Amino acid sequence: MATAHGSIDLPLKKLLEGLIDRKIVPPQWQDMLRPVRAEIAVAVSALPDHARKVLAGKELDDLLYFDCKAILGHLLASDEAKQTNFFGQYTSPVLKAWIAIVKSYEANSLFAAEAARRLHQNAAFEIPALRKAITQHEKHVADNLRKVADLQKSIVECNKTFAASCASLKIPGFDIRLELQALVYDLQGLFAEVAALLAAPAVCDAGAYHAALQGYLNGSRAAPRLAALTAFWATPVHAPAPVSMDDSSPVEIQWTPASVGGEEPTGSSDIDWGIEVAGEAIDWGITAVETPHVPEIAPQTQVDLLLHAESRAQITNDLLELRAFLAQRRVELKTPDLAFANQFQTCNPLVAQQSLAAVDTYLQATDSVLAALRDKRLQHVLLIKVSPRYLARLVSTLELQMGKGEKLQAAIRDLQDKNAELIDTVATSHEKLRSLAASTMELQRALEAALPALFKGHHVRILSNVSCGI
């Protein structure tokens with residue numbers, strides 16, 4: 001639209017349409033432009049090196065009318081313009097080609113249509129697309145940074161889980177399989193601790209209390225109970241010393257000469273060794289005293305009983321029975337029943353003088369032993385000893401925990417590499433956006449300067465938002 005000052009304001013998106021409506025540009029301008037673009041492709045390939053600097057690194061598709069005019073201006077100022085004929089016409093084929101290109105552009109105002117289309121394309125598509133791509137890349141960078149932070153937290157949790165698993169098994173966690181196999185050698189020490197708890201006075205007193213009460217209630221008819229525990233308490237803590245022969249006891253040898261041929265030895269000084277005479281057997285007269293046979297005694301200790309699976313199961317069952325007995329007695333002692341309390345007054349003092357506090361002590365000691373037998377590490381070591389499949393599964397589980405942290409660390413490295421690429425892409429896109437916006441605004445100013453000649457001297461102002469956000 002025309003303003004009061006003789007200028008015309010045209011929105012960028014309506015610029016090309018306005019040029020066609022005013023018959024400044026023919027409707028079939030694109031068909032007319034194709035030969036011109038072909039001429040530019042040929043002319044650029046033949047352009048001298050000194051003129052290529054005018055292109056400023058632009059691609060062939062980026063060259064427009066104003067770029068062609070700049071190349072022509074450079075050639076006119078170079079030695080190419082000095083090549084003329086008798087009539088003063090230029091004879092340089094390069095210069096003549098670019099003069100023809102500029103004239104083709106100016107015919108039918110093709111340059112204005114091409115520039116208007118390029119302005120609209122840059123402002124409506126290229127620049128917004130670059131801005132959108134930059135925004136998306138920056139969002140991806142932020143998302144990756146959040147993912148890296150989450151993965152780092154996950155790595156810390158994985159390391160804590162792996163460290164806790166190794167700590168529960170008391171292994172360093174470097175060579176998992178070898179360290180787990182070596183745990184079998186700790187069984188002696190682990191069961192020594194359990195044996196010490198089993199032999200504690202409170203547990204022994206609890207067993208005696210159980211036996212005394214069973215004996216009082218059932219008399220001579222009482223079947224033996226807690227046999228495995230009783231056998232355990234009767235077993236020595238350490239193996240007995242092996243029985244050996246006394247090295248100081250010599251073997252008695254009788255050197256008395258035997259008679260030869262039924263005759264007594266004479267007092268002759270000659271020594272008769274009992275050599276066979278006339279086919280008779282030689283009798284050396286040596287008698288060996290036989291030593292008694294000592295049977296081999298296999299040493300057995302409390303730890304050996306716990307190492308044996310069957311005896312350990314029996315001991316565990318006895319402990320469970322003893323605990324159930326003590327729990328029931330605790331309930332009975334807490335019950336304020338005078339008749340129940342007086343029924344044991346005349347029995348064994350061990351039963352009659354029991355108190356709630358003593359039973360609680362027995363219960364705590366029994367629970368401690370059961371907890372030690374159910375200890376997770378002890379169960380792991382026992383299963384490692386008897387089950388190769390369990391060992392393989394435990395190794396696989398620990399290696400999976402350790403490998404998970406390594407996989408997460410590899411994922412972090414991948415994200416960091418992607419972020420580095422994205423940051424480079426963002427930087428390149430920002431530079432490209434600035435360059436495209438600058439060239440677009442420069443093209444807009446050049447077109448505004450050329451349009452008055454097409455609009456009968458009226459100043460034309462192109463309304464666009466190319467520079468917004470740059």
Side-chain angles (χ1 to χ4, degrees), residues 1 7-22 24-26 29-30 32-41 43-44 47 51-76 98-134 428-455 457-470:
M1 65 179 177
S7 63
I8 301 174
D9 292 341
L10 287 177
L12 179 57
K13 62 182 180 179
K14 298 289 185 180
L15 178 58
L16 182 57
E17 183 181 346
L19 291 172
I20 297 174
D21 289 344
R22 288 174 171 81
I24 298 173
V25 175
W29 67 271
Q30 295 187 63
M32 301 170 67
L33 184 63
R34 289 191 187 96
V36 180
R37 300 301 305 180
E39 292 175 9
I40 292 175
V44 167
L47 197 64
R52 289 185 178 275
K53 63 182 181 180
V54 182
L55 300 176
K58 290 184 179 180
E59 300 293 334
L60 180 62
D61 292 338
D62 296 332
L63 296 180
L64 299 176
Y65 165 74
F66 300 103
D67 299 309
C68 295
K69 282 194 68 175
I71 293 173
L72 179 59
H74 175 81
L75 292 174
L76 289 174
W98 286 101
I99 291 174
I101 290 172
V102 171
K103 287 183 178 180
S104 299
Y105 259 127
E106 293 174 348
N108 296 310
S109 305
L110 294 181
F111 76 92
E114 185 187 45
R117 183 183 64 176
R118 181 62 61 86
L119 278 175
H120 183 260
Q121 181 180 351
N122 288 351
F125 301 104
E126 297 296 333
I127 291 177
L130 273 175
R131 289 173 180 164
K132 184 178 180 181
I134 290 172
T428 304
S429 298
H430 273 297
E431 182 62 30
K432 187 175 181 181
L433 177 60
R434 286 191 292 268
S435 176
L436 181 59
S439 63
T440 303
M441 288 187 288
E442 182 180 355
L443 176 60
Q444 179 177 331
R445 288 192 294 267
L447 182 57
E448 286 178 342
L451 284 178
L454 305 179
F455 282 80
H458 293 287
H459 175 71
V460 179
R461 186 172 62 176
I462 300 173
L463 304 179
S464 68
N465 57 348
V466 173
S467 62
C468 295
I470 305 301

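When a residue number appears, it is its place in the shown sequence, counting from 1. What you see is a predicted model; the values in this text were computed from it and never measured.
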query = With a 4.5 Å heavy-atom cut-off, do Ile462 and Leu119 have their side chains touching?
reply = yes

message = So, using side-chain contact (heavy atoms from CB on, under 4.5 Å) as the criterion, who are the partners of Leu60 when residues are at least two apart?
response = Ile40, Ala41, Val44, Leu63

query = With sequence neighbours excluded, what pairs up with Asp21 under the side-chain contact (heavy atoms from CB on, under 4.5 Å) test?
reply = Glu17

request  = Apply side chain to side chain donor-acceptor pair (under 3.5 Å) to His120 and list each qualifying residue two or more places apart in sequence or on a separate chain.
outcome  = none

key: With Glu442 via side chain to side chain donor-acceptor pair (under 3.5 Å) - residues at least two apart   = none

key: Distance in Å, Leu72 CG paired with Trp98 CH2, rounded so as to fall on 0.5 Å steps   = 9.0 Å

ask   = Hey, does Leu447 have a side-chain heavy atom less than 4.5 Å from the side chain of Tyr65?
value = no

remark   = Residue pairs passing the salt bridge (charged side-chain N to carboxylate O under 4.0 Å, His left out) test with at least one member in residues 53-72, sequence neighbours excluded, are Lys58-Asp67

key: Heavy-atom check, side chain of Trp29 versus side chain of Asn108, under 4.5 Å   = no

ask   = Sequence neighbours excluded, which residues qualify as salt bridge (Lys or Arg N to Asp or Glu O under 4.0 Å) partners of Glu114?
value = Arg37

task = Using a strict cut-off of less than 4.0 Å between a Lys/Arg side-chain nitrogen and an Asp/Glu carboxylate oxygen, indicate whether Glu431 and Arg434 qualify as a salt bridge.
result = yes

inquiry  = Looking at every heavy atom in both Tyr105 and Cys68, which two are closest together, and how far apart are they?
reply    = CE1-SG, 3.9 Å

Minimum heavy-atom distance Ser104-Leu110, with the two atoms named = O-CD1, 3.6 Å

task = Check whether any side-chain heavy atom of Val54 sits under 4.5 Å from a side-chain heavy atom of Leu75, and report yes or no.
result = no

ask   = For the residue pair Leu451 and Leu15, what are the closest heavy atoms and their distance?
value = CD1-CD1, 4.2 Å

query = Roughly how far, to the nearest 0.5 Å, is CE of Met441 from CG of Asn122?
reply = 11.5 Å

key: Flag side-chain contact, heavy atom, 4.5 Å: Val25 against Phe111   = no

